[in-house]
> 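Structure incoming, see below.
Chain naming here is simple, since letters A, B, ... match the order of the sequence lines and numbering starts at 1 in each. The figures that follow rest on heavy atoms only: side chains count, while hydrogens, waters and symmetry mates do not.
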2 protein chains.
Amino acid sequence: MNEEGKKLAMALRSAYLTMHRRADFYFTQHGVTTDQFVLLHILAQEGAVTQQRLVERASSDPSTVRVMLVLLEGRCLVKRERHPVDGRARSVSLTERGLKVYQNLQSASEPFLDELLADYRSEEVQALLELLSRIPPAMAARKIRRARCQQVFVSESP
Amino acid sequence: MNEEGKKLAMALRSAYLTMHRRADFYFTQHGVTTDQFVLLHILAQEGAVTQQRLVERASSDPSTVRVMLVLLEGRCLVKRERHPVDGRARSVSLTERGLKVYQNLQSASEPFLDELLADYRSEEVQALLELLSRIPPAMAARKIRRARCQQVFVSESP
DNA sequence: TATTGTTATACTCTATAACTATA
DNA sequence: TATAGTTATAGAGTATAACAATA
């Protein structure tokens, strides 16, 4: 039942994981993981942002982002300062060196991006972007449901 | 440069990670992770398969699949026997209990699949499936390249 | 020689919950 | 009270490389 949904989920899984592996193949040769590159990319695009903003943009979660930022900070690619107006928040941005590293990584990402787009015409990319964009809103966590859910584990004792 | 490719990569990332989190939200309430459910699903579809086949179908890699299977075997959901004709291979299949658990998980997956499909018409799902299906072949690892690649790390000492 | 899977090991991402501090 | 981030901790998936057994 609901074969269409399963097919879509599996196709999305296959596309993403294959892409992610391929990206890692390129990026790890240059000393960063794909996920680290994503953070650098967002910071290069947006300048100084809060960690919360990074969580949203990277589709990640707070503790993952924190761990990754601490790691990148240790390599002096990123700095985390107190936010000028909201004392609770951090203002995260690229260091000078972080920017330089990011720019050097552009050339590493090109063969990857070329492969990714190789089999699409421009209109098809647009169509794919539009279709993909509907998933995050549809799946946005509405944890309220949890209250109504029972822990219906299937018994594991025979 | 190559903004289109980056947008596509980020959109695919966002769609997949959001979906995966949402799926975990449902499945972990029932005692399995999404990735474990994927293996159970493939085994339910295909019957007895080699681990290599599971690697392909799950878009994973051999050691990941092995770890996951050992875990599932420990819970008696899966059995791994010697392959009848190829002595190197394992023949992996669901146990009776594994099948029962899988069937019970169907009802757990339904609200998730409904959410996933909610914003698509049927033709749109077909179009999305077709577009997504082009990525794995385009990204299939051609490790041959590695021989020609240099480790051009960006210097990290100032 | 090539292939299937194992093993050891390490890394990364993910997630939860209790916590601090600021708003 | 609510929010931003921290911390400790745990679990899960990913990846590599050296290895054994079999083809």
> Under 4.0 Å from OP1 or OP2 of C:dT14: is there any side-chain N or O of A:Thr64 that close?
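Yes, A:Thr64 has a side-chain N/O under 4.0 Å of OP1/OP2 on C:dT14.
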> B:His83: what forms a ring-ring contact (aromatic ring centres under 6.0 Å, His included) with it, not counting sequence neighbours?
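Partners of B:His83 by the ring-ring contact (aromatic ring centres under 6.0 Å, His included) criterion come out as none, since no residue qualifies.
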> Excluding sequence neighbours, so at least two apart, what forms salt bridge (charged side-chain N to carboxylate O under 4.0 Å, His left out) with A:Arg90?
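Testing A:Arg90 for salt bridge (charged side-chain N to carboxylate O under 4.0 Å, His left out), a comparison that skips the adjacent residues, returns none.
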> All N/O contacts under 3.5 Å from nucleotides 6-12 of chain D to the protein, with atom names and distances to one decimal?
from, atom 1, to, atom 2, distance (Å)
D:dT6, OP1, A:Arg80, NH1, 2.9
D:dT6, OP1, A:Arg90, NE, 3.0
D:dT6, OP1, A:Arg90, NH2, 2.8
D:dT6, OP2, A:Gln51, OE1, 3.4
D:dT6, OP2, A:Gln51, NE2, 3.0
D:dT6, OP2, A:Arg80, NH1, 3.4
D:dT7, OP2, A:Arg66, NH2, 2.2

> Could you list the residues that satisfy side-chain hydrogen bond (donor to acceptor under 3.5 Å, both in side chains) with B:Gln45, not counting sequence neighbours?
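Expected list: B:Arg57.
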> Let me know the distance between CG of B:Asp61 and P of D:dT16, rounded to the nearest Å.
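Rounding to the nearest Å, CG of B:Asp61 and P of D:dT16 are 8 Å apart.
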> Linking I/L/V/M/F/W/Y whenever any side-chain heavy atoms sit under 4.5 Å apart, do B:Val32 and B:Leu71 land together?
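Shared cluster, no.
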> Between B:His83 (NE2) and C:dG5 (P), how many Å, whole number?
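Rounded to the whole Å, the gap is 9 Å.
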> Let me know the distance between CZ of B:Arg22 and P of C:dT14, rounded to the nearest Å.
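In whole Å, C:dT14 P lies 17 Å from B:Arg22 CZ.
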> Are B:Leu129 and A:Leu128 linked, directly or through other ILVMFWY residues, by side chains that come within less than 4.5 angstrom of each other?
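Same cluster.
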> For DNA chain C, whose closest nucleotide is more 5', that of B:Ser91 or that of A:Ser59?
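The answer here is B:Ser91.
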> Using a cut-off of under 3.5 Å, enumerate the N/O to N/O pairs linking the protein to nucleotides 20-23 of chain D.
from, atom 1, to, atom 2, distance (Å)
D:dA23, OP1, B:Gly87, N, 2.8

> What pair of heavy atoms forms the shortest contact from A:Phe27 to A:Leu105, and how long is it?
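Of all heavy-atom pairs spanning A:Phe27 and A:Leu105, the closest is CE2-O, 4.3 Å.
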> Provide the closest heavy-atom pair for A:Ala58 versus A:Leu39 in the form atom of the first, atom of the second, distance.
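Smallest interatomic distance, heavy atoms only, reads CB-CD2, 4.0 Å.
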> For the residue pair B:Ser122 and A:Glu4, what are the closest heavy atoms and their distance?
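Scanning both residues, the minimum pair turns out to be OG-OE2, 3.1 Å.
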> When the ring planes of B:His41 and B:Phe37 are compared, do they come out parallel, tilted or perpendicular, using 30° and 60° as the limits?
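B:His41 vs B:Phe37 ring planes: parallel.
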> Expressed as a whole number of angstroms, how long is the span from A:Gln52:CD to D:dA2:P?
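Distance check: A:Gln52 CD to D:dA2 P gives 16 Å.
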> In whole angstrom, give the distance that lies between atom CG of A:Asp24 and atom C1' of D:dT16.
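A:Asp24 atom CG is separated from D:dT16 atom C1' by 13 Å.
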> Output the rounded distance in Å from CG (B:Leu69) to P (C:dT7).
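These atoms are roughly 13 Å apart.
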> Can you measure B:Leu17 atom CG to C:dA15 atom P for me and round it to whole angstrom units?
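In whole Å, C:dA15 P and B:Leu17 CG are 9 Å from each other.
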> Does this structure show an ion pair linking A:Arg53 with A:Glu56, if we count only N-O contacts that are shorter than 4.0 Å?
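Salt bridge flag = yes for A:Glu56 with A:Arg53.
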> As a test of understanding, state which of A:Lys79, A:Arg66, A:Arg80 forms a salt bridge (charged side-chain N to carboxylate O under 4.0 Å, His left out) with A:Glu73.
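So the option named by the test is A:Arg80.
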> Check the distance between C:dT16's C1' and B:Arg21's CZ and give it to me in whole angstrom.
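B:Arg21 atom CZ is separated from C:dT16 atom C1' by 14 Å.
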> To the nearest 10°, let me know how far the axis at one end of the helix from C:dT1-D:dA23 to C:dA23-D:dT1 is tilted from the axis at the other, five pairs an end.
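The angle separating the two end axes equals 10°.
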